[in-house]
2 protein chains.
Amino acid sequence: MSTAEETTGGEVEPWEEVTPDAARRLLVAAVEAFAERGYHATTTRDIAGRAGMSPAALYIHYKTKEELLHRISRIGHDRALEILQTAARREGTATERLADAVSSFVRWHAGRRTTARVVQYELDALGPDARAEILDLRRQVDAEVRGIIQEGVESGEFDVIDIHGTTLAVLSLSIDVARWFNVHGPRTPEEVGALYADLVLRMVGAG
Amino acid sequence: MSTAEETTGGEVEPWEEVTPDAARRLLVAAVEAFAERGYHATTTRDIAGRAGMSPAALYIHYKTKEELLHRISRIGHDRALEILQTAARREGTATERLADAVSSFVRWHAGRRTTARVVQYELDALGPDARAEILDLRRQVDAEVRGIIQEGVESGEFDVIDIHGTTLAVLSLSIDVARWFNVHGPRTPEEVGALYADLVLRMVGAG
DNA sequence: GCCGAAGCTGAGCGAGCGCTTAGTGTGCCC
DNA sequence: GGGCACACTAAGCGCTCGCTCAGCTTCGGC
């Protein structure tokens with residue numbers, strides 16, 4: 001199986017780039033809390049408690065609660081963009097690359113649902129500077145998908161009238177997985193990824 | 001033009017069912033505030049201020065801040081379900097009814113974006129009883145769309161393998177419009193509705 | 001064996017939260 | 001025109017929030 005993600009199943013815990021260990025535990029606790037209750041409904045006491053620390057410990061590693069969200073959002077967007085870039089830049093037809101991009105992007109939104117939820121739905125809680133930085137990453141995400149669709153249209157593989165609108169719809173469909181996906185539901189991330197890749201190929205008139 | 005919504009363009013201000021006038025002004029103010037900042041980040045002082053009243057005035061008409069959200073969510077879900085039911089029960093082929101359902105559902109999510117945003121993204125802020133009531137409405141929404149797709153498959157109009165999964169994707173795509181739609185953006189609700197109806201017909205293999 | 005740096009805690013500050021209460025103005029009924 | 005129901009306000013209560021700070025522990029270097 002050739003996919004854009006190198007090791008989906010055997011992927012080690014993410015966030016390993018975050019050190020020291022206490023800072024990572026706090027960040028993982030924040031991801032869970034933000035995903036469950038939302039940024040504004042989450043208290044710093046809750047985050048510290050989940051990480052097994054006192055409320056004050058949080059401020060050794062992070063200046064504010066918002067810095068936690070910023071770090072999570074930045075790392076998550078970097079990862080999402082990396083997944084799409086890997087799919088977009090592999091060799092193969094536009095059809096193969098679009099299917100790969102959607103299936104791996106969706107697999108990430110389902111499999112890492114808590115992270116994806118925070119990344120996709122808590123943007124407005126960031127301050128202006130952090131938000132601008134993240135929006136720039138989102139434009140890059142959009143450009144990757146639009147590029148594949150554009151190439152498929154030019155090669156005659158796809159039949160698409162509104163390239164920008166269709167790109168928007170493909171990304172919107174994939175991102176919304178983070179809202180409804182249920183770990184205890186009937187579908188695995190792999191199954192949703194495969195279904196969505198098929199639906200997207202139909203949307204662009206491939207095959 | 002025959003659509004599921006009787007009068008999209010000329011639709012009078014909604015919320016006219018909410019009386020007296022002061023209660024409606026507070027509710028409209030709450031919709032705006034919840035849509036902009038989210039339920040938890042909105043203060044009762046902000047809601048009352050937008051409605052031109054003192055903070056205490058809110059509690060003449062609503063027992064709690066959560067009751068405001070509950071009323072908004074209930075009315076919004078009723079309206080969304082009504083739109084889908086009108087499209088599903090009109091006469092015509094499954095293709096026509098699915099296109100009508102998606103275009104009017106999407107048009108509502110784009111045109112009434114602030115309401116739709118609160119309705120679709122603030123469910124978790126409700127208490128258990130209110131949430132259960134709303135979830136029941138969502139099951140009815142799902143059943144309407146699934147019904148049309150099922151009939152299209154049975155009549156041979158559609159080519160769909162996973163009916164439940166495709167229903168989920170169609171609703172997910174439409175609902176997510178409330179997240180990204182921008183009133184000042186390049187597309188009108190009508191244009192997005194038409195584009196999305198076309199994309200959904202492709203997804204189900206119609207035509 | 002002493003020292004300073006680093007990681008963490010217990011206690012708590014000022015602010016703003018949801019919500020309450022006592023009191024005020026207004027208009028309608030008789 | 002007196003009384004009353006109703007809509008609303010000013011003030012503020014009790015609480016929890018994000019965040020701070022003085023002090024304790026631990027540990028490597030010498």
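Letters A, B, ... mirror the listed sequences (proteins, then strands); counts begin at 1.
Distances were taken from every side-chain heavy atom of Y59(B) (C-beta onward) to each of dC19(C), dC19(D), dC8(C); the shortest belongs to dC19(C). Side-chain proximity of S54(B) to dA10(D), dT9(C), dG18(C): nearest is dA10(D). Out of dG18(C), dT9(D), dC8(C), the shortest distance to the side chain of T44(B) is found at dG18(C).
Under a 4.0 Å N-O distance rule, the pair R179(B)/D176(B) qualifies as a salt bridge. A salt bridge between R138(B) and D142(B) is absent, with no side-chain N of the basic residue lying under 4.0 Å from a carboxylate O of the acidic one.
dC19(D) atom P lies 10 Å from atom CD of E67(A), rounded to whole Å. What separates CZ of R24(B) from C1' of dA7(D) is a distance of 16 Å, to the nearest Å. Summarising the geometry, the separation between CG on L26(B) and P on dT9(D) is reported as 10 Å, rounded to the nearest angstrom. Rounded to whole Å, the distance from CD1 on I60(B) to P on dC8(D) is 7 Å. Between the P atom of dT9(D) and the CG atom of L58(B) lies a distance of 11 Å, rounded to the nearest Å. In this structure, CD1 of I47(B) is placed 15 Å from C1' of dG16(C), rounded to the nearest angstrom. In this structure, the CG atom of D21(B) is 14 Å from the C1' atom of dC8(D), given to the nearest Å. The nearest whole Å value for the distance from the NZ atom in K65(B) to the P atom in dC15(D) is 19 Å.
Checking side-chain atoms of E67(B) against main-chain N and O of Y62(B) turns up no donor-acceptor pair under 3.5 Å. Judged by distance alone, the side chain of E66(A) and the main-chain N or O of G127(A) form a donor-acceptor pair under 3.5 Å. Listed for the S103(A) side chain is a donor-acceptor partner under 3.5 Å among the backbone atoms of A99(A).
Of the two residues near DNA chain C, E66(B) and A56(A), the one whose nearest nucleotide lies more 5' is A56(A).
Judged by distance alone with a 3.5 Å cut-off, a donor-acceptor contact links the side chain of R45(B) to the base of dG18(C).
Between dC8(C) and H61(A), a contact under 4.0 Å exists linking OP1 or OP2 to a side-chain N or O.
As judged by a 4.0 angstrom heavy-atom cut-off over every strand, T43(A) is placed among residues touching the sugar-phosphate backbone only.
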